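Contents: one structure, followed by commentary.
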Amino acid sequence: MNFIKASILRYQLGSLLLLVLLLAVVLPLSLDIFRLNLVGKYLTYAFVAVGLVMVWGYGGVLSLGQGVFFGIGGYAMAMFLKLEASDPVTTKIQSTPGIPDFMDWNQITELPALWLPFKSLPLSLALVVLAPMALAWLVSFAMFKRRVGGVYFAIITQAVALICTVLIIGQQGYTGGVNGMTDLKTMLGWDTRTDGAKYILYYVCVGLLIASIVLCRWIQTSKLGTLLLAMRDKEDRVRFSGYDVSNFKVFIFCLAAGLSGIGGAMFALQVGFMSPSFVGIVPSIEMVIFCAVGGRMSLVGAVYGALLVNAGKTLFSESFPDLWLFLMAGLFIGVTMAFPMGLAGLWDEKIRPWWKERRKALREAAVQPPASTQLPPAAPAAAPEPQLPDGVGSQRA
């Protein structure tokens with residue numbers, strides 16, 4: 001029993017089980033398929049937020065370009081889906097059947113070599129993770145080996161996001177340009193637009209997200225997690241102890257990139273399109289906000305942050321179409337100023353201590369009976385009358 005309790009406390013299984021109950025039971029039973037599909041889209045951003053907890057909260061490396069890796073994973077999946085939707089029968093009205101429509105519009109007469117690996121689903125799924133990690137390794141290895149960090153690394157990641165956006169838009173014949181890749185309907189002949197398919201994709205997204213949280217929590221509780229915290233707080237001490245700090249930073253940055261790629265792939269599957277609007281600087285900064293609102297030290301809190309911010313965007317844009325941007329800005333500023341450690345910090349610093357004090361007071365009240373049930377104290381017994389010697393009383397009388 002003590003081992004189970006210790007495991008729950010160490011791996012934070014209680015909060016994780018509550019999250020699973022919310023995502024797998026409460027929301028599917030209480031929302032219609034349209035709203036549930038929106039929640040599934042929000043959860044794809046949670047992959048990025050979980051990765052940022054590892055790279056920013058534990059590794060101390062702030063990346064403002066995570067949208068790049070989200071977009072690469074999404075484009076990898078979208079390219080496979082687009083090729084399946086561009087079979088010769090469907091595209092027979094094109095001048096070159098068998099290639100995506102935007103290639104035909106740009107006078108491309110054969111499928112580029114870059115697209116050939118995406119004819120295979122297993123290879124496409126591998127590239128969903130490996131392609132973002134390869135770019136992350138290239139950027140981080142070049143920077144961290146030269147001890148470039150802090151605000152300089154954040155600016156460099158922003159520059160990478162801008163470059164990738166310009167590249168995707170400029171190569172319209174190969175990427176779809178500013179419109180992106182649309183009309184993604186089937187995967188191996190399975191129609192992803194039906195209600196049943198949306199439920200399945202939602203649960204797949206939830207399962208992958210929970211698995212990602214478990215993996216990251218395992219890393220946090222290992223020796224590597226301890227070294228990451230030490231590296232974040234006292235990098236020079238870790239370096240003087242004989243560890244190569246740059247390798248740890250490269251690893252954790254590549255891990256966050258791989259998680260972001262999975263989120264992008266699930267986004268393309270559930271929403272049915274992918275465009276460069278999810279790759280640039282603005283979406284990358286929004287993804288950092290998801291992590292900050294939820295708590296940059298909490299994996300589960302990052303998921304709640306992604307859900308809360310995106311649900312707020314949907315609610316405000318529907319109810320206040322002219323003011324929703326100001327309302328979202330107020331939400332970001334208010335939460336950041338009132339709760340510097342996010343929702344998880346609010347729980348740890350305010351709600352949990354209050355709940356512990358409340359439970360302690362209830363236990364103490366249960367041990368002591370109420371005042372109305374206590375018996376009144378007995379009156380003190382009268383002192384016995386002293387015995388006089390014989391003859392004394394008669395003499396006084």
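What you see is a predicted model, and the numbers here were worked out from it, not measured in a lab.
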(message) Quick check against the 3.5 Å criterion: does Y203 have a side-chain atom that pairs as donor or acceptor with the backbone of A24?
(response) yes
(message) Please determine whether a side-chain nitrogen of the Lys or Arg among K249 and E235 lies less than 4.0 Å from a carboxylate oxygen of the Asp or Glu.
(response) yes
(request) Kindly work out whether a path of hydrophobic side-chain contacts (I/L/V/M/F/W/Y, heavy atoms less than 4.5 Å apart) joins V178 to I72. (result) no
(request) Measure across L299 and R217 and return the closest heavy-atom pair with its distance rounded to 0.1 Å. (result) CD1-N, 3.5 Å
(request) May I ask you to say whether D32 pairs ionically with R35, meaning some side-chain N is under 4.0 Å from a carboxylate O? (result) no
(message) Check this for me: R239, atom CZ, are more than 12 non-hydrogen atoms of other residues, nucleotides or ligands nearer than 6.0 Å?
(response) yes
(request) Look up atom CD in Q220 and atom OG in S298, then write down how far apart they are to the nearest 0.5 Å. (result) 8.5 Å
(request) Answer yes or no: does atom NZ of K119 have more than 12 heavy-atom neighbours from other residues, nucleotides or ligands under 6.0 Å? (result) no
(message) I'd like to know whether L307 forms a side-chain contact (heavy atoms from CB on, under 4.5 Å) with L23, so could you lay out the CA-CA distance, the side-chain angles of the two residues, the decisive distance to 0.1 Å, and finally the verdict.
(response) CA-CA 11 Å; L307 290 174; L23 298 180; 4.1 Å; yes
(message) Assess the residue pair L224 and I252 against the criterion (side-chain contact (heavy atoms from CB on, under 4.5 Å)); give the C-alpha distance rounded to whole Å, side-chain angles, the decisive distance to 0.1 Å, and a yes or no.
(response) CA-CA 10 Å; L224 176 59; I252 206 66; 5.8 Å; no
(request) Determine, using the 4.5 Å side-chain heavy-atom cutoff (strictly less than), whether I169 and I281 are members of one ILVMFWY cluster. (result) no
(request) Could you grab the distance from atom CE of M231 to atom CG of N247, nearest 0.5 Å is fine? (result) 10.5 Å
(message) Just so I know, are the side chains of L64 and V288 near enough to count as touching, which here means a heavy-atom distance under 4.5 Å?
(response) yes
(request) Just say parallel, tilted or perpendicular for the rings of W137 and F141, cut-offs at 30° and 60°. (result) parallel
(message) Is there a path of hydrophobic side-chain contacts, each under 4.5 Å between heavy atoms of I/L/V/M/F/W/Y residues, joining L201 to M274?
(response) yes
(request) Report, as yes or no, whether the 6.0 Å neighbourhood of atom CD on E318 holds more than 12 heavy atoms from other residues, nucleotides or ligands. (result) yes
(message) If you compare all heavy atoms of C291 against all heavy atoms of W56, which two are closest, and at what distance to 0.1 Å?
(response) SG-CE3, 3.9 Å
(request) Among S95, P97, S86, find the residue that satisfies the side-chain contact (heavy atoms from CB on, under 4.5 Å) test when tested with D104. (result) S95
(request) Can you measure from NZ (K82) to NZ (K185) and round to the nearest 0.5 angstrom? (result) 9.0 Å
(request) Identify the two heavy atoms, one from G189 and one from E84, that lie closest to each other, and give their separation to 0.1 Å. (result) N-OE2, 2.6 Å
(request) Working to the nearest 0.5 Å, report the span between CG of D244 and CZ of F251. (result) 14.5 Å
(message) One pair to check against side-chain contact (heavy atoms from CB on, under 4.5 Å): L125 and M77. What are the steps and the verdict?
(response) CA-CA 7 Å; L125 294 177; M77 178 56 66; 3.3 Å; yes
(message) Over 60° means perpendicular and under 30° means parallel, so tell me whether F267 and F273 are parallel, tilted or perpendicular.
(response) perpendicular
(request) Determine whether L308 and L18 fall in the same hydrophobic cluster, where Ile, Leu, Val, Met, Phe, Trp and Tyr are linked whenever their side-chain heavy atoms lie under 4.5 Å apart. (result) no
(message) Nearest 0.5 Å, please: how far is CG in L36 from CD in Q270?
(response) 8.5 Å
(message) Is it the case that atom CG in L29 sees more than 12 heavy atoms from other parts of the structure closer than 6.0 Å?
(response) yes
(request) Please say whether more than 12 non-hydrogen atoms of neighbouring residues, nucleotides or ligands are located less than 6.0 Å from OH in Y243. (result) no
(message) How close do T186 and L81 get, counting heavy atoms only, and between which atoms?
(response) O-CD2, 3.3 Å
(request) Report whether M79 and L130 are members of the same hydrophobic cluster (ILVMFWY, side-chain heavy atoms less than 4.5 Å apart, transitive linking). (result) no
(request) State whether the side chain of S284 and the backbone N or O of G67 hold a donor-acceptor pair below 3.5 Å, judged by distance alone. (result) yes
(message) Please list all pairs meeting ring pair (Phe, Tyr, Trp, His ring centres under 6.0 Å) that have one or both residues in residues 150-194, counting only residues at least two apart or in different chains.
(response) F144-F153, F153-F253
(message) Please give me the minimum heavy-atom distance between L259 and F47, naming the atom from each residue.
(response) O-CB, 3.3 Å
(message) Has T157 got a side-chain atom pairing as donor or acceptor with S63's backbone, closer than 3.5 angstrom?
(response) no
(message) Do F102 and Q172 make a side-chain contact, defined as non-hydrogen atoms from C-beta onward lying under 4.5 Å apart?
(response) no
(message) Nearest 0.5 Å, please: how far is CD1 in I289 from CG in L52?
(response) 11.5 Å
(message) Apply side-chain contact (heavy atoms from CB on, under 4.5 Å) to residues D101 and Q94 and explain how you reach the verdict.
(response) CA-CA 8 Å; D101 48 11; Q94 297 179 178; 3.5 Å; yes
(message) Please give me the minimum heavy-atom distance between A85 and T90, naming the atom from each residue.
(response) O-CG2, 3.7 Å
(request) Kindly say whether T314 contributes a backbone atom to a donor-acceptor pair with the side chain of S317 at under 3.5 angstrom? (result) yes
